[in-house]
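Written below as structure tokens is the structure these notes are about.
Just the heavy atoms: all of them, side chains too, but no hydrogens, waters or symmetry mates, feed the values below. Labels below follow one simple rule: chain letters A, B, ... track the order of the sequence lines, proteins then strands, and each chain is numbered from 1.
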2 protein chains.
Amino acid sequence: MLSTADIRRPIVAAAALTAFARGGFHGTTVADVARDAEISPAYVFKLFPRKELLFVAALEVCFERIVAALAAGADAAEGGSPEAVLDSMGDAYAHLIRDRTLLQLQVHAQSVADVPELGDALRAGLARVTTFASERSAGSDDQVQRFMAFGQLCHLLVTAGIEESGERWAQVLSHGIRHPE
Amino acid sequence: MLSTADIRRPIVAAAALTAFARGGFHGTTVADVARDAEISPAYVFKLFPRKELLFVAALEVCFERIVAALAAGADAAEGGSPEAVLDSMGDAYAHLIRDRTLLQLQVHAQSVADVPELGDALRAGLARVTTFASERSAGSDDQVQRFMAFGQLCHLLVTAGIEESGERWAQVLSHGIRHPE
DNA sequence: CACCCGAGTGAGTGTACGGTCACTCATGTG
DNA sequence: CACATGAGTGACCGTACACTCACTCGGGTG
């Protein structure tokens, strides 16, 4: 049976997800996460002994949600061509990241990936996403690579606030990129 | 005539470039930059009154070097088709970022782009790069967008250390991506 | 009842960082 | 000589943060 600590850990991880997504690893304090999770900082350390482990847990939640969304997208295009499946996954991803949280956390993770544990967690997540997209769409390596490349471009567009600028160069970068609502 | 402060400022900016590229904005202290520049922290603050201004200066140096490299790449394919010019620019960029410094700084900048001054500086740099690639190659919006998207994928490959892993999914992401030597 | 054990916290500790300021020193100028 | 000016720094301040620890509380078990 699960102890209350085991029950609370994923709740804290979810709070860490939103907190770290806001400020990144170095820009977010454990106290910030504790406040979001409505527990004391001391107890956060009892659940996750080091700040890095908290970030890793947040990343795992992040990629969990992403893969789930991609799966739903793939379901919606069941039996279609690889392009159709990848396209539907792209739509699902675009929908998922409307609130930017999952996207921002990935960007922050990229910038601290030189910390071994954090880099490992990032690679593990990317492995899941890439493998899933590849197998589920049955697309060629080129198609999957392109899918991921445009995902990265999308991250840049959002984090740098490029779409809002409306200038010519911004249109070049963002034309045809999905953004629901 | 230039005061010695005006002469020293770009030197400090160059030091800031490498220091911030290593640790990011929050992960690098002004004292780190001062040490690299071989001056006292107090004097860094006299040259750049706030840490943000130091980072902005580093970003400007970064994009300056990138545009210069792209220009050299474009020269090497003078008169070729848009694809050929963009391809040559890509080669030049791949060569430029062998040591990862300029690449890492861009990724770090992306993760702190919500700080207004830093986001502005990032957008200004991206505007220069995108506009330059677009005008100099005379490529279509699609071609330029694709050029930038694969640049972003390249950033992910390097920062997350994906090429080293050698696993199947890593090959999917990195196949055909240039990496001289 | 006595006892234990996990949940949860308040109150700290050491350290490090952004930023300031009063100061020294060298150079040039009347 | 007296004096101004800019380069450059040491010592400091307030604050904030990662992490610790001794403690309390409440529910289960003999």
Residues in residues 39-51 of chain B with a heavy atom under 4.0 Å of DNA chain D, by number, are B:Ile39, B:Ser40, B:Ala42, B:Tyr43, B:Lys46
Within residues 27-35 of chain A, residues whose heavy atoms come under 4.0 Å of DNA chain D: A:Thr28, A:Thr29, A:Val30
d(CG, A:Leu54; P, D:dC17) in whole Å: 15 Å
Could you tell me how the ring of A:Phe55 sits relative to the ring of A:Phe25: parallel (under 30°), tilted (30 to 60°) or perpendicular (over 60°)? perpendicular
Among B:His175, B:Arg168, B:Gln171, which residue meets the side chain to side chain donor-acceptor pair (under 3.5 Å) test with A:Asp141? B:Arg168
Treating A:Ser174 as the side-chain partner and A:Ala170 as the backbone partner, does any N or O pair qualify as donor plus acceptor under 3.5 Å? yes
Could you state the NE2-P distance from B:His26 to D:dA16, rounded to the nearest angstrom? 15 Å
Backbone N or O of A:Gly125 within a donor-acceptor pair of the A:Arg128 side chain at under 3.5 Å? no
Would you say the side-chain atoms of A:Asp36 pair up with the backbone N or O of A:Val33, donor to acceptor, closer than 3.5 Å? no
Would you call B:Glu167-A:Arg123 a salt bridge at under 4.0 Å N-O? no
Do B:Thr28 side-chain atoms and B:Ala19 backbone N/O form a donor-acceptor pair below 3.5 Å? yes
In whole angstrom, give the distance that lies between atom CZ of A:Phe55 and atom P of D:dA18. 13 Å
For B:Arg8 and D:dG6, what is the distance between atoms CZ and P respectively, to the nearest whole Å? 17 Å
Determine the minimum heavy-atom distance between A:Arg65 and A:Ala14, stating which atoms define it. NH2-CB, 4.1 Å
Contact check, residues 12-22 of chain B vs DNA chain D, heavy-atom distance under 4.0 Å, returns none
Would you find a donor on one side and an acceptor on the other, under 3.5 Å apart, between the side chain of B:Ser88 and the backbone of B:Ala74? no
Check against side chain to side chain contact (heavy atoms under 4.5 Å, CB included), A:Thr159 and B:Leu122: CA-CA 10 Å; A:Thr159 55; B:Leu122 176 59; 5.7 Å; no
